[in-house]
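Heads up: the structure comes next, in structure tokens.
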Amino acid sequence: MKQDTIIGGNTNKEKPPSNKGSTLQRIWGFIDHRFEEVFVVIGFAIFILLINLQVLNRYVLTFVEVGNITTWTEEIARYIFIFVSFLGASLAIKKRESIRVNMVVDRFPEHIRNAIDAANSVFMLYFCFIMVTYGYNLISFQMETNQVTPALGIPMAIAYSAIPIGFLLMGVRLIQTLIEDIKGMTAKDGLLTMGISILFILPAILFRDGSITLLLFGYFVLFIIFGMQIAFALGISTLATVLATDAIPVDFFPQTAFTSIDSFPIMAVPFFIAAGIIMGNSGIIQKLLNLSDELLGFLPGGLALVAIVTSMFFSAISGSGPATVAAIGTLLIPAMIKQGYNPGFSAAVVAAAGTIGIIIPPSNPLVIYGVVGQQSITELFAAGIIPGILTGLGLVVVTYFISKKHGWRGDKELFSMKGTLKAAWDAKYALMVPVIILGGIYGGIMTPTEAAAIAAAYGLVIGVFVYKDLDMKGVYKSLASAGVTSAVIILLIVMANIFGRLITLEQVAETVANFVLSISENKIVILLLLNVFLLLVGLVLEALAAIVILTPILLPMAMELGIDPIHFGVIMILNLAIGLITPPVGVNLFVSAGVMKMKIEEVIKGVIPLLIMMIVILLLVTYIPEISLFFVELTR
């Protein structure tokens, strides 16, 4: 059982374009393999440059007159970001990178899995057709009404063309993957694919006059069980419900796809991802490891403690759990095993430490929660500081006593102040990253999005010109990887907004609130029930998917109970962080186990005491709001 995720989800071994053959074949080979990638990299570079130019002009180049720079740079960056997101989504389909749940599908024989994948591709292809068709109609309307952008007067039709172009390319890539999947299929497998497709269609036919909510969620669960990409499962379940019930016009789909990400705050996501990937590919991680080793390497469990503390440092750069596990685990898990640590425990420590990546700022899930729940990202970052540090300290305590019991030590005998100061000086550029990000935000100098763009540019400068371990090829690969990773997340947000339109129309949030309040009106009991529910969700659903699906449903209820929405966001993130290390689809477990190709059962056994500590911290944060709101109150 596993879950394809935005980290390491590439199951398609892509061959580079061949130099053999005619010029036309070489050109087609380049287009087929690099078309979206080149535009994604160029787009990424441009909007990183534009937002940095915006900040520089405000504080450094104030004497340079470039018009209303904040307005026009933001407008261009936003529209490039939309294009990059949809082109990146097409590239993700080509590379087979997605967020999906395979725990049921993986139990089937290979020929049945292939048939299910083919059926999923057919329905995803139909959704793309709808988006291209109605997206074209939307562009035609923009042209007929001569609508232009506010700052530069660019025709809105150009901006909106990202929808049909993006989904057309996604359709092309889906056709390619479908052709690849059906190769070698027998007639029996083809009939099975048709049967599964009919199974998908049946609910819309049988329950045309039924409950919109039941049909919507029924379809979503059906598609999730059958391993469809969660983003498309959200969109297609909404489309199937709309086609069956005429609940809303279909032409709202492309409009919502555009407006849902035509937002400056949401651009913080690709910037933070880019910063994390760029710095992960440079020498920054090794510098942080050296510093942590000097600080803690002489203690019992020294290397394991180094893994936790380095994860805390790197979390303040990457904002991603699985990325932190992959970066730290590759270096430290083999080292711990070599020092005599239990392999399962070694992998478990890194997996658990990686959860800090989505708690401590800058956290991508906190950004997503802020965008979806319309809450202040600045306040959410402030709220994540103490819970993130508390989680790290809790893991340090458990690891220390387990290591002391088994006699596991680091590779140093004594603490050296001289060595620590030298390591801190060597790591100065890495340590500056959280200072730049959080200092810029809370100093009122930059918005979270601008701070993220500065961090990405800073990472490029440090990697290319200071450490000199990033060449142009490395920069290209880093930006391409960031484009794909962020596109998977952005597409999820797009589809969740489409899905959310029906949730709002059907007043699902109000229904859930009334149901929960009918069980109990005691705030303590309801918070406990919410935690249990979110922990169960974390068992089967990836954190980002859970946030975009559940926030519109649960947040109104939490606010009705008098729970601060910022506090609730931290509770939600902590629960889903625990989901990263709980089977059957704990992403961090699989990434960590994959480093040494060990059995997942070994890692699960090692993670249990760490998991218990995280649940204790969750309960503390849940019932003592001041833990998460202390810094928030200072910013309000």
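Side chains included, hydrogens not; waters and symmetry mates left out as well; all remaining heavy atoms used. This chain uses plain numbering: 1 for the first residue, then up along the sequence.
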Could you tell me which non-hydrogen atom of [X] sits nearest to which non-hydrogen atom of [Y], and how far apart they are?
X    : Y    : answer
L91  : V484 : CD2-CG2, 3.4 Å
P362 : I437 : CG-CD1, 3.9 Å
A456 : I48  : CB-CD1, 4.0 Å
I547 : V372 : O-CG1, 4.5 Å
L395 : M613 : N-CG, 4.2 Å
F381 : I441 : CD2-CD1, 3.8 Å

Can you find a heavy atom in the side chain of [X] that is under 4.5 Å from one in the side chain of [Y]?
X    : Y    : value
V464 : M472 : yes
Y442 : F631 : no
S592 : N588 : no
I462 : V433 : no

Residues two or more places apart in sequence or in another chain: which of them pass side chain to side chain contact (heavy atoms under 4.5 Å, CB included) with [X]?
X    : value
V40  : F44, V84, L87
A453 : I51, N52, F271
K183 : I179
S346 : I333, M336, I337, Y341

In plain terms, say whether D117 and R100 are close enough for a salt bridge, that is, a side-chain N and a carboxylate O under 4.0 Å apart.
yes
Could you check whether K94 pairs with E37 (Lys NZ or Arg NE/NH1/NH2 to Asp/Glu carboxylate O, under 4.0 Å)?
no
Does the [X] side chain pair with the main chain of [Y], one donor and one acceptor, at a distance under 3.5 Å?
X    : Y    : answer
T310 : A307 : no
T485 : A482 : no
N531 : L619 : no
S292 : L289 : no
Y400 : L299 : no
T391 : P387 : yes

Identify which one of P448, P361, S363 satisfies the side-chain contact (heavy atoms from CB on, under 4.5 Å) criterion when paired with I377.
P448
Show, in sequence, the C-alpha distance, side-chain angles and deciding distance for L291 and L431, and conclude whether the side-chain contact (heavy atoms from CB on, under 4.5 Å) test is met.
CA-CA 10 Å; L291 174 59; L431 297 175; 3.9 Å; yes
Just verifying a value: how many Å separate [X] [atom1] and [Y] [atom2], rounded to the nearest 0.5 Å?
X    : Y    : atom1 : atom2 : answer
L618 : I578 : CG    : CD1   : 4.5 Å
D181 : N114 : CG    : CG    : 6.5 Å
L492 : F232 : CG    : CZ    : 11.5 Å
S486 : I273 : OG    : CD1   : 5.0 Å
L438 : I385 : CG    : CD1   : 5.5 Å

Output, in order, the C-alpha distance, side-chain angles, deciding distance and verdict of side-chain contact (heavy atoms from CB on, under 4.5 Å) for V105 and I112.
CA-CA 8 Å; V105 174; I112 296 179; over 6 Å; no
Going by atom types only, do Q286 and N290 share a side-chain donor-acceptor pair under 3.5 Å?
yes
Count the heavy atoms of every other residue, nucleotide or ligand shown that sit under 6.0 Å from OH of Y429, and state whether that count exceeds 12.
no
Decide if atom NZ of K428 counts as having more than 12 heavy atoms of other residues, nucleotides or ligands within a radius under 6.0 Å.
yes
Which residues pass the ring pair (Phe, Tyr, Trp, His ring centres under 6.0 Å) test with F415, not counting sequence neighbours?
F298
How would you list, by chain and number, every residue that makes a ring pair (Phe, Tyr, Trp, His ring centres under 6.0 Å) with F35, sequence neighbours excluded?
F39
W425 ring centre to K422 NZ or CZ under 6.0 Å, with the angle to the axis within 45°?
no
Applying side-chain contact (heavy atoms from CB on, under 4.5 Å) to T399 and V396, what does each step give before you reach the verdict?
CA-CA 5 Å; T399 301; V396 163; 5.9 Å; no
